[in-house]
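Read through the structure below, which is laid out as structure tokens, and then see the notes.
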Amino acid sequence: MRGQRIGLLGGSFNPAHGGHRRISLFALRALDLDEIWWLVSPGNPLKPASGMAPLAARVRSAMAQARRAPIRVTAIERELGTRYTVDTLAALKRRYRKREFVWLMGADNLAQFHRWRDWRGIARTMPIAVIARPGYDGPAVASPAMAWLRHFSVPLSSFVNRGEWSAPALVTLRFDPDERSATAIRRADPDWALRYAGPPPRDQLTHRSIPSGEETTAP
């Protein structure tokens with residue numbers, strides 16, 4: 001029997017919103033996954049530090065959006081001590097050997113994927129599912145990373161039905177675009193994080209307390 005199949009969605013979640021939930025549940029169904037794990041990054045050097053809410057507030061916002069869904073919210077990168085996504089994914093595979101993982105990313109991230117540390121290493125670590133996002137299809141298709149990844153493109157039906165996942169493999173998911181964005185939410189409500197003040201939340205994967213912190217995890 002195959003192990004649990006887990007979709008990994010990383011990001012700042014600054015804040016988490018209904019768009020994150022919607023694309024996660026869509027990917028869960030489309031890829032026949034058992035769960036989605038939201039990897040809330042302590043920080044991202046490709047995004048400005050100004051305006052970044054405390055980690056605990058971002059985790060709480062993610063937990064609110066993930067309620068009553070097969071989604072776990074985790075800040076496990078703090079515990080793993082990894083700085084780059086390629087190292088985080090390798091560490092997750094070592095720690096959770098009985099799970100099969102697929103990395104979920106929006107087309108906006110694919111457009112700049114070539115700027116990530118050892119992005120080919122990420123692609124060789126686990127399959128990648130790219131989720132369409134409004135306005136990013138053109139830049140994603142024309143990106144340097146896509147020029148390499150398109151050689152490993154797999155039809156969705158083939159990807160879901162094959163017995164054991166291997167990498168590199170790229171599958172593209174298309175559905176009605178969701179135009180919600182954390183940037184727009186912050187612009188409309190700069191003090192959103194105040195609604196998520198409180199005691200440190202408990203990580204839904206490691207079950208450890210998550211204090212606020214300023215550590216930086218690079219893509």
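Treat the numbers as computed from the prediction; the structure is a model and nothing was measured.
Of the inter-residue distances, the one linking L92 atom CG with R97 atom CZ reads 12.0 Å to the nearest 0.5 angstrom. The CH2 atom of W103 sits 6.5 Å away from the CE atom of M105 when rounded to the nearest 0.5 Å. Atom-to-atom distance recorded for I23:CD1 and L104:CG is 7.5 Å, nearest 0.5 angstrom. Residue H20 holds its NE2 atom at 5.0 Å from CZ of F13, rounded to the nearest 0.5 Å. Once rounded to the nearest 0.5 Å, the distance linking OG1 of T85 with CH2 of W119 reads 14.5 Å. The structure places CG of L25 at 7.5 Å from CD1 of I36, a figure rounded to the nearest 0.5 Å.
A side-chain donor-acceptor contact under 3.5 Å links R58 to the backbone of S12. Of the possible donor and acceptor atoms, one in the side chain of T74 sits under 3.5 Å from a partner among the backbone N and O of I76. Between the side chain of S61 and the backbone N or O of A16 there is at least one donor-acceptor pair closer than 3.5 Å. Under a 3.5 Å cut-off, the side chain of K93 and the backbone N or O of T125 do form a donor-acceptor pair. Looking only at distances, a side-chain donor or acceptor of R150 sits under 3.5 Å from a matching main-chain atom of V141. Side-chain N or O atoms of D87 include none that pairs as donor or acceptor with a backbone N or O of R83 at under 3.5 Å. The backbone N or O of V160 sits nowhere less than 3.5 Å from a side-chain atom of D32 that would complete a donor-acceptor pair. Here the side chain of R21 pairs a donor or acceptor atom with the backbone of Q65 at under 3.5 angstrom. Side chain of D118 to main chain of V86: no donor-acceptor pair is present (N/O by atom type, distance under 3.5 Å, no hydrogens or angles). Side chain of D191 to main chain of L194: no donor-acceptor pair is present (N/O by atom type, distance under 3.5 Å, no hydrogens or angles).
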*Test ring pair (Phe, Tyr, Trp, His ring centres under 6.0 Å) on F159 and W165 and set out the steps.*
CA-CA 8 Å; F159 182 83; W165 287 351; 4.9 Å; yes
*How far apart are the C-alpha atoms of V130 and N109, what are their side-chain angles, what is the distance that settles it, and do they pass the side-chain contact (heavy atoms from CB on, under 4.5 Å) test?*
CA-CA 9 Å; V130 174; N109 279 324; over 6 Å; no
_Checking N14 against W192 for the side-chain contact (heavy atoms from CB on, under 4.5 Å) test, could you report, in this order, the C-alpha distance in whole Å, the side-chain angles of both residues, the deciding distance, and whether it holds?_
CA-CA 9 Å; N14 187 42; W192 69 267; 3.2 Å; yes
*List the steps, then state whether side-chain contact (heavy atoms from CB on, under 4.5 Å) holds for Q204 with M63.*
CA-CA 9 Å; Q204 294 180 339; M63 289 178 174; 3.7 Å; yes
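In this structure, Y96 is a member of the same hydrophobic cluster as L39, with clusters built from ILVMFWY side-chain heavy atoms closer than 4.5 Å. Placement of I185 and V73 in two distinct hydrophobic clusters is found when ILVMFWY residues are connected by side-chain heavy-atom separations under 4.5 Å, directly or transitively.
For the pair I210 and A56, the tightest heavy-atom approach, listed with the atom from each and the gap, is O-CB, 3.9 Å. What you find for A129 and L31 is that their closest heavy atoms are CB-CD1, 3.8 Å. Closest approach of R202 to H207, counting heavy atoms only: NH1-O, 2.8 Å. P15 and R186 make their closest contact through CD-CG, 4.0 Å (heavy atoms, listed as atom of the first residue, atom of the second, distance). Across all their heavy atoms, A75 and V59 have their closest contact at CB-CG2, 4.4 Å. Of all the heavy atoms in R99 and I6, the pair that sits closest is CG-CG1, 3.5 Å.
At least one side-chain heavy atom of E77 sits under 4.5 Å from a side-chain heavy atom of P42. Within the 4.5 Å cutoff, the side chain of V102 has no heavy atoms near those of the R5 side chain. Side-chain contact between E35 and R72: present, with at least one pair of heavy atoms (C-beta onward) separated by less than 4.5 Å. Residues L110 and L149 meet the side-chain proximity criterion, which asks for heavy atoms closer than 4.5 Å.
Checked by atom type, the side-chain pair R60/Y196 shows no donor-acceptor distance below 3.5 Å. A donor-acceptor contact closer than 3.5 angstrom links the side chains of W38 and S24.
Annotation: cation-pi pair R120/W148 present, NZ/CZ under 6.0 Å from the ring centroid and within 45° of its normal.
Under the 4.0 Å criterion applied to side-chain N and carboxylate O atoms, R195 and D189 are assigned as salt-bridge partners. Between E79 and R95 there is a salt bridge, with a side-chain nitrogen of the basic residue lying less than 4.0 Å from a carboxylate oxygen of the acidic one.
Close placement of the W37 and F101 rings is indicated, their centers lying within 6.0 Å of each other.
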